[in-house]
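Take a look at the structure below.
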Amino acid sequence: MPLQKFADPFSPCFMFFYGSLMDPDVLQSVLGLSDVPRLRKGTIKGFRMKMWGIYPAILDDQEGEVTGMIWKCDQESHFLRLQGYETKAYTWTYCDVNLEDGGILGLCRTFCWAGDVNSKDLDDGSFDLLRYQKYFKASIVRK
């Protein structure tokens with residue numbers, strides 16, 4: 001699916017996260033939610049992961065697959081906060097998420113690398129959520 005390069009009007013959707021936002025405490029903090037959000041596991045196909053420093057970035061790759069978490073985004077203000085958190089280094093695109101129970105959620109959104117896919121800023125690798133939680137989470141979540 002081609003990357004989203006224009007602004008569709010917002011409508012409630014499921015978001016697919018594959019990096020720091022897979023941690024419910026981080027998502028709660030970024031969005032200023034009163035309750036810890038409920039996330040579900042999912043996988044998207046047609047993408048591969050690279051690393052931009054400590055942060056993952058996904059790129060189009062018809063043979064690729066990325067595992068992450070989904071969350072229902074009901075408010076445009078939350079989507080705009082997510083865009084701000086992701087910075088201009090990322091752009092959003094539609095994706096279909098395969099769920100653990102075999103179901104598929106269509107027209108979900110995720111954030112992909114917005115820069116040159118051959119950038120020297122990107123390295124091979126994968127995101128380690130446990131490492132992120134141990135060393136970097138405290139800079140986002142202040143409890």
Side-chain angles (χ1 to χ4, degrees), residues 1-62 64-117 119 121-143:
M1 191 171 290
L3 294 181
Q4 185 69 15
K5 296 293 186 189
F6 52 90
D8 281 352
F10 176 81
S11 59
C13 61
F14 281 93
M15 298 295 305
F16 177 81
F17 304 126
Y18 52 89
S20 60
L21 293 171
M22 291 191 297
D23 182 306
D25 295 331
V26 173
L27 183 59
Q28 179 184 22
S29 181
V30 167
L31 297 179
L33 301 173
S34 56
D35 296 318
V36 177
R38 292 185 57 223
L39 303 172
R40 294 170 52 194
K41 290 182 181 178
T43 302
I44 57 174
K45 295 182 179 184
F47 298 91
R48 67 184 160 98
M49 185 179 293
K50 293 274 210 166
M51 293 300 294
W52 181 46
I54 65 166
Y55 298 105
I58 59 173
L59 313 165
D60 279 336
D61 180 347
Q62 293 309 310
E65 183 174 286
V66 176
T67 299
M69 304 292 278
I70 59 166
W71 173 75
K72 180 73 180 279
C73 182
D74 290 318
Q75 297 179 27
E76 183 174 25
S77 62
H78 290 161
F79 182 75
L80 294 174
R81 281 189 182 194
L82 292 170
Q83 279 186 309
Y85 177 76
E86 294 292 349
T87 76
K88 295 200 182 290
Y90 297 83
T91 188
W92 72 268
T93 190
Y94 290 113
C95 63
D96 294 334
V97 178
N98 299 289
L99 304 173
E100 286 186 311
D101 65 8
I104 298 175
L105 288 175
L107 293 178
C108 300
R109 295 183 184 195
T110 193
F111 291 97
C112 297
W113 181 249
D116 180 358
V117 296
S119 172
D121 292 334
L122 297 176
D123 295 311
D124 289 334
S126 60
F127 183 74
D128 183 339
L129 182 60
L130 294 176
R131 181 177 181 271
Y132 175 85
Q133 290 168 327
K134 183 175 182 179
Y135 296 107
F136 304 105
K137 177 178 174 175
S139 68
I140 303 293
V141 177
R142 305 205 191 281
K143 287 194 174 187

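Residue numbers start at 1 and run along the sequence shown. If you're wondering where the values come from, they're calculated on a predicted model, not measured in any experiment.
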Inset, instruction - If the plane angle is over 60° it's perpendicular, under 30° parallel, otherwise tilted; pick one for W52 and Y55. - result: tilted

Inset, instruction - With the side chain counted from C-beta on, respond yes when F111 and T91 share a heavy-atom pair under 4.5 Å apart, and no when they do not. - result: no

Legend entry - Set of residues satisfying side chain to side chain donor-acceptor pair (under 3.5 Å) with respect to D23, sequence neighbours excluded: Q133, K137

Legend entry - Pairing residues for D121 by the salt bridge (charged side-chain N to carboxylate O under 4.0 Å, His left out) criterion, not counting sequence neighbours: none

Inset, instruction - Supply the atom-to-atom distance T67 OG1 to E100 CD, rounded to the nearest 0.5 angstrom. - result: 9.5 Å

Legend entry - Worked verdict on V117 versus S119 for side-chain contact (heavy atoms from CB on, under 4.5 Å): CA-CA 6 Å; V117 296; S119 172; over 6 Å; no

Inset, instruction - Nearest 0.5 Å please: distance from the CE atom of M22 over to the CG atom of L129. - result: 4.5 Å

Could you tabulate the donor-acceptor pairs under 3.5 Å formed by side-chain atoms of residues 32-47, not counting sequence neighbours?
none

Inset, instruction - Indicate, with yes or no, if the rings of Y94 and W92 have centres closer together than 6.0 Å. - result: yes

Legend entry - Reported OG-to-CE distance for the pair S126 and M51, which is rounded to 0.5 angstrom: 7.5 Å

Inset, instruction - Write out all pairs satisfying side-chain hydrogen bond (donor to acceptor under 3.5 Å, both in side chains) with one or both partners inside residues 81-90, taking only residues at least two apart or from two chains. - result: S20-Y85

Legend entry - ring-ring contact (aromatic ring centres under 6.0 Å, His included) partners of residues 9-37, not counting sequence neighbours, each pair once: F10-F79

Inset, instruction - Determine whether more than 12 heavy atoms belonging to other residues, nucleotides or ligands lie under 6.0 Å from atom CZ of F136. - result: yes

Inset, instruction - Under the salt bridge (charged side-chain N to carboxylate O under 4.0 Å, His left out) rule, collect the residues that match up with D101, sequence neighbours excluded. - result: none

Legend entry - Residue pairs passing the salt bridge (charged side-chain N to carboxylate O under 4.0 Å, His left out) test where at least one lies in residues 47-57, sequence neighbours excluded: R48-D61, K50-D124

Legend entry - Inter-residue atom distance I104.CD1 - D96.CG, 0.5 Å rounding: 7.0 Å

Inset, instruction - Quick one: pull up CG in L27 and SG in C73 and give me the separation to the nearest 0.5 Å. - result: 9.0 Å

Legend entry - salt bridge (charged side-chain N to carboxylate O under 4.0 Å, His left out) partners of R109, counting only residues at least two apart: none

Inset, instruction - Measure the shortest side-chain to side-chain distance between I70 and L99 over non-hydrogen atoms and say whether it is less than 4.5 angstrom. - result: yes

Inset, instruction - Sequence neighbours left out, what passes salt bridge (charged side-chain N to carboxylate O under 4.0 Å, His left out) with D128? Give chain and number order. - result: none

Legend entry - Under 3.5 Å: donor-acceptor pair, side chain of S29, backbone of I140: yes

Legend entry - side chain to side chain donor-acceptor pair (under 3.5 Å) involving D116 - partner list, sequence neighbours excluded: none

